[in-house]
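Following: one structure in structure tokens, then a few remarks.
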Amino acid sequence: MPAVHIHNTLTGELAEIKPIAGAAGPVTFYTCGPTVYDDAHIGNFRSFLNADILRRTIELTGTPVRHVMNITDVGHMTDDTNADGGGEDKMAVAGRRLIEAKKSGKIHADVAIDANDPMAIADFYANRFLEDARLLGLKVAIEAQSDPSLMPRPTKWISQMLDMIKQLIERGHAYVASDGAVYFNVKSFADYGELSGNTLENLREGEGGRISAQHQAVKKNPGDFMLWKPDPHHVLKWDSPYGAGYPGWHLECSAMAAGLLGAEIDIHSGGEDNIFPHHECEIAQSRCAHNKPSFARLWFHTRHLIVEGEKMSKSKGNFFTARDLFAKGVTPAALRLEITRTHYRTNANFTMQGLADCQRMIDRWSRVAEALQAKVSASGGAQNSAYANSASTTSANSKPNHGAPAGPFEIALPRFTQALCEDLNMARAIAVLNEAVAVEDNSACAHREVAALHKMDSVLGVLERNKRVAASGDGDFEAKVNALIEVRAAARRNKDFAASDRARDELVSLGVQIKDGAAGTTWTRAVRG
RNA sequence: GGCCGAGUACCCAAGUGGCCUAAGGGAACGGAUUGCAAAUCCGUGAUUCGUGGGUUCAAAUCCCACCUCGGCCUCCA
């Protein structure tokens, strides 16, 4: 098996993934997950899904991965002018927004949620996130159903964070300032800036316009960042030796990564905007608290997604959440492919056209998978669904023909794997698969072919997700469509083509696309931009 | 001001010194199929890689300058 090589933000070079635990693994992998005071948008999902593609690629090469992704339910303030704490908790704002949404009917009024309870709001959005994530095939979210510890919440890790603060103060890396807050002293850590290249000298104080003079005055260095903020009035607060308050927002990942994966881990991922300050600060805290030469060996960062050539923003109307798109009839498979097929280190341009392109590719792969599976069934093999994972295709009653020559998919698999191993070259991997799809070969062993195809899909993760997400009201809609299709069929039997075309036009105006096949007419809901 | 990416056909997007007269997908066009469509299948498709210089026997790929776009510089995937 080829080794996986990935660009390491820390060194700027391609690095081979060699598990700290030894060749047998597992690779320890921590991903900075979502904050849950609103629905995640497709840009968020691009970075989560790229992490998913990476972990699946490592698994494809035979190395197990222990992947942890947090769900942040604490510690984020709205007050832009004051990044050192204070302002309003975003959960409180989210609560007000929820009340508004209920009033305006954007959310079903029967959603039972106390908008004044920050934890209820966090749970509400966390559950919506998990729904979207599972539909999109984010493996860690699927695994977390049986092992919730894989998706930890910072509110359950406060004591570990306080332990880290204690360590940092004892080792001389942190101090309690005159305003009562605990700060990390960036000058105490020589490597501060190693990840982002933002040396302390080059950081322009207040360039982002989010630092208040008041807080700067009590800090030893302008770059010092908060570890604990005493604030007895805050909506979420915990007791601590520094007064009741809440933790700094960088601390959670350091504490949870160490607690669940170890003081040193193999891979840490996030969006490019996390590089500084978040990940820089995590490195400083973790290395200083645990006295280790490194925190994560490899830093994996996904660049931002733009939409139709423009930065995604609510005001431009090009802001999409996954569920927005599912409601338009976009399949999870198409969305997953569209936002992961562009190399993770370039800005991806999300377009409705691109979504349609992906859907066509996936439909073709699905047809081929089904045809292969039909051959397997016909030869008395396993009666597994075409969507079953590759392991099941080698079940006891399948009969692979070991004498048959390697077919196009079996030949493609190592090339596909190689492409992904070279810094996740998705475009080339997809091209390899498409080339295999175009080859007609009836002499190959269908069992082995279907296994190879599903092996490739174990990374792409699209075949089992190529169906629309059902929405409420679908039943009535379906009945209406089926009635129109019957009207059209009757008209066609009578050769009344004017009438049949009228029925078809009506279906089209309902957003339905029909296909006349050998087994009658089938339909799909067209995706509307 | 500092740091970091990107500009390849109508669109998305590989390729990073010779196998490139540039992969793959979509759109478009032509053909098969169809009552007509849609879907499907087959075929066609950049002598050229943001602009201008340079290095080299050889450049989309290396160097320099410039233009354009995006990210970060203590909310952000």
Side-chain angles (χ1 to χ4, degrees), chain A residues 9 12 31-35 40-51 76-84 87 90 186 193 196-199 201-211 215-216 222-226 248-250 269-278 280-281 301-306 308-312 337-338 341-343 345-351 353-361 363-364 367 419 425-435 437-438 440 492 495-498 500-501 504-505 507-508 513-517 521-524 526:
Chain A
T9 308
T31 293
C32 280
T35 47
H41 57 69
I42 55 174
N44 300 125
F45 274 113
R46 167 143 127 117
S47 91
F48 305 146
L49 289 177
N50 271 132
H76 289 253
M77 303 299 124
T78 54
D79 194 340
D80 281 358
T81 62
N82 189 349
D84 295 311
K90 286 191 176 174
V186 291
S196 61
N198 283 327
T199 61
E201 301 76 63
N202 285 336
L203 279 173
R204 278 196 172 189
E205 187 183 336
E207 185 69 12
R210 294 162 196 157
I211 297 177
H215 285 87
Q216 287 307 84
D224 290 356
F225 55 91
M226 194 189 78
W249 69 285
H250 307 303
S269 81
E272 61 175 320
D273 55 312
N274 279 156
I275 296 171
F276 191 92
H278 187 49
E280 197 73 77
C281 295
H301 291 105
T302 294
R303 300 227 164 262
H304 281 176
L305 182 77
I306 58 175
E308 307 284 355
E310 285 194 277
K311 198 169 154 180
M312 182 163 64
L337 191 63
E338 167 67 359
R341 67 176 171 149
T342 303
H343 191 257
R345 263 184 305 114
T346 64
N347 289 114
N349 187 13
F350 173 89
T351 61
Q353 178 60 249
L355 216 41
D357 293 358
C358 287
Q359 188 61 62
R360 284 180 84 103
M361 273 193 274
D363 285 344
R364 184 175 300 144
R367 278 195 303 277
N425 192 334
M426 282 287 278
R428 208 168 83 212
I430 291 167
V432 166
L433 174 52
N434 278 324
E435 282 165 11
V437 164
E440 186 83 33
R492 291 182 75 209
K495 306 256 185 240
D496 182 357
F497 296 122
S500 77
D501 287 351
R504 184 170 66 202
D505 289 345
L507 284 161
V508 168
Q513 220 164 47
I514 54 168
K515 296 177 194 176
D516 292 334
T521 300
T522 58
W523 63 277
T524 51

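A, B, ... follow the sequence lines: proteins, then strands. Residue 1 opens every chain. Reckoned from all heavy atoms, side chains included, excluding hydrogens, waters and symmetry mates. As the structure is a prediction and not an experimental result, all values here were calculated from the model.
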Regarding [X], tell me which of base, sugar-phosphate or nothing describes its non-hydrogen contacts under 4.0 Å with the strands shown.
{"X": "A:Leu305", "answer": "base"}
{"X": "A:Gly43", "answer": "base"}
{"X": "A:Ser196", "answer": "sugar-phosphate"}
{"X": "A:Ser500", "answer": "base"}
{"X": "A:Glu338", "answer": "nothing"}

Exercise for review: Let me have a per-nucleotide readout for nucleotides 14-22 of chain B, 5' to 3', with B, S or -, counting only protein heavy atoms under 4.0 Å.
Suggested key: SS-------

Check your understanding: For nucleotides 36-41 of chain B, read 5' to 3', which letter fits each nucleotide if B means a protein heavy atom sits under 4.0 Å from the base, S means only the sugar-phosphate is that close, and - means neither?
Key -> BBBSSS

Whole-Å gap separating [atom2] ([N]) and [atom1] ([X]):
{"X": "A:His304", "N": "B:G70", "atom1": "NE2", "atom2": "C1'", "answer": "10 Å"}
{"X": "A:Asn347", "N": "B:C72", "atom1": "CG", "atom2": "P", "answer": "10 Å"}
{"X": "A:Asp273", "N": "B:C4", "atom1": "CG", "atom2": "P", "answer": "18 Å"}
{"X": "A:Leu433", "N": "B:A23", "atom1": "CG", "atom2": "C1'", "answer": "14 Å"}
{"X": "A:Asn349", "N": "B:C12", "atom1": "CG", "atom2": "C1'", "answer": "8 Å"}
{"X": "A:Arg303", "N": "B:A13", "atom1": "CZ", "atom2": "P", "answer": "15 Å"}

Review point. Based on Watson-Crick and G-U pairs with both distances under 3.5 Å, what dot-bracket line describes RNA chain B 5' to 3', crossing pairs as [ ] and inter-strand pairs as |?
Key: ((((((((.[[[..)..(.....]]].(((((.......))))).....[[[[[..)....]]]]])))))))....

Check your understanding: So does A:Lys311 get a side-chain nitrogen or oxygen closer than 4.0 Å to the phosphate oxygens (OP1/OP2) of B:C69?
Key ->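 No, A:Lys311 has no side-chain N/O under 4.0 Å of OP1/OP2 on B:C69.
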
Practice item. Please determine if a side-chain N or O atom of A:Asn274 lies less than 4.0 Å away from the OP1 or OP2 oxygen of B:A77. Key: no

Point to revise | Whole-angstrom distance between B:A58 and B:G18, as gauged at atom P | key: 14 Å

Exercise for review: Look at the side chain of A:Asn434 and the base of B:G24, then say whether one donor and one acceptor between them are separated by less than 3.5 Å.
Suggested key: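 Answer is no: no donor-acceptor pair is held.
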
Practice item. Answer yes or no: is there an ion pair linking A:Arg504 with A:Asp516, defined by an N-O contact shorter than 4.0 Å? Key: no

**Study point:** Close side-chain approach of A:Thr302 and A:Phe48, heavy atoms under 4.5 Å
**Key:** no

Point to revise | Distance-only side-chain donor-acceptor flag, A:His304 / A:Asp273, under 3.5 Å | key: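 Yes.
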
